[in-house]
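Shown next, in structure tokens, is the structure this report addresses.
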Amino acid sequence: MDLQAVLLDAMATYGAFAIFTAILLSSIGLPLPTSFLLVAAGSFVTQGEIDFWPVMIAGMTGAILGDHIGYGVGRIGGQTLVQRIGQRFKAEALILQAEKTMHRWGGVGIFFSRWLLTAAGPYVNLTSGFTRYHLLHFSIWDILGEIVWVTLYVQVGRLFSDQLATISDALGDLTWVVLGVAIIGVIGYKLIQSFRQNGTK
Amino acid sequence: MRLTMERPSKRRQQIILLVCLLLALFITLFFGTRAFRRFRDRPTDEPIREWMNIPYIAHSYHIPPHLLFQAVGLPDTPPPDKRPILKIAKALGLSVAEATNLLEAAIAQERASKGPPGKPPPPTAPSATTPVATPAN
């Protein structure tokens, strides 16, 4: 049985608890189609199969708890591992750079990886932990991002409640668009920097 | 010597970045266009997929659920059967395609008896002047 069928079956049987569990596991790093699940939950709300608030609370608490578990794993276990890798491959400077980048752009990265580039979410959690990104700042950006994610997807599901398959396919394509735009932004920035350096030489 | 070594590698780096940029642009445009077309040309009726359950299919096709339960020989007693088509077909000893055919036939029959398909009324309170039929649950 494919994952979409398993998740919908679980949601139909166990309601909000299934949403909480699936999103918690997905936030830790298990590849589950949870954006689809939230859209489907929105559709179930419109159909009267499940209540709105339990869906919202289950989605948000599952996501926030899962993200913090990922952060904790990175903070407790990641630091030792990163130090070892750094020493073994002489990559201390690279790791220091990663930490600097995380402290400078971490908040934006955490916020957008919650709802726009969701596939990056579990990695951002781990990175935030092992670079010792401030826990309170992590929590604030995380909570804001997860509120946007759950609200947005559930509302899309409510709005297009009778067209789940179409919306699910379109959202899959849009994920690639967002990823593409992010890559264009990064490469464009690097290219401009590179040409500017050429110009000053 | 070091400077002369760095210049070609810098140029090469820029060319690689440009190629990556074009590739990212292509991917973005491809998926962006496809998402837009999918949305613009979305069918009124979605093809039935194995993860859909009968209450959802009834909602999507604007058909009373009991007709679909009848079509696959399941009782329409509360609580409604919310298993996906895949599970229902397996339990009934049918393939997903066979179960889908039964459902599609029931939908076609219902629509033939009611006239052309249409969207259900918006979920607002009916006004006094325009009586709106409430769908059966």
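Keep in mind it's a predicted model, so treat the numbers as computed, not measured. All chains are named by letter (A, B, ...) in the order of the sequence lines, taking the proteins before the strands, and each is independently numbered beginning at 1.
Other residues, nucleotides and ligands contribute more than 12 heavy atoms inside 6.0 Å of the CZ atom of A:Arg132.
For A:Leu7, no part lies near chain B; criterion is any non-hydrogen pair under 4.5 Å. Looking at B:Glu46, only its side chain comes within 4.5 Å of chain A, counting heavy atoms on both sides. Neither the backbone nor the side chain of B:Leu23 comes within less than 4.5 Å of any heavy atom in chain A. Contacts of A:Thr13 with chain B are absent, with no heavy-atom separation under 4.5 Å from either backbone or side chain. Looking at A:Leu8, the atoms closer than 4.5 Å to chain B (heavy atoms on both sides) all sit in the side chain, from C-beta outward. With a 4.5 angstrom heavy-atom cutoff, B:Pro47 does not touch chain A via any of its atoms. Looking at B:Tyr56, the atoms closer than 4.5 Å to chain A (heavy atoms on both sides) sit in the backbone and in the side chain alike.
Ring-centre distance between A:Phe36 and B:Trp51: below the 6.0 Å cut-off.
The nearest pair of heavy atoms linking A:Leu37 to A:Ala22 is CD2-CB, 3.8 Å.
Most heavy-atom pairs under 4.5 Å with chain B: of the set A:Ser161, A:Gly172, A:Gly180, A:Ala182, this distinction falls to A:Ser161. For the options B:Ile85, B:Ile57, B:Leu25, B:Leu21, heavy-atom pairs under 4.5 Å to chain A are most numerous at B:Leu21.
Using a 4.0 Å cut-off between charged side-chain N and carboxylate O, B:Arg111 and B:Asp45 make a salt bridge. Looking at A:Asp169 and B:Arg49, a side-chain N of the basic residue comes within less than 4.0 Å of a carboxylate O on the acidic one, giving a salt bridge.
Using a distance-only test at 3.5 Å, with no hydrogens or angles considered, a donor-acceptor pair links the side chain of A:Ser113 to the main chain of A:Ile110.
A heavy-atom distance below 4.5 Å is not found between the side chains of B:Met52 and B:Ser60.
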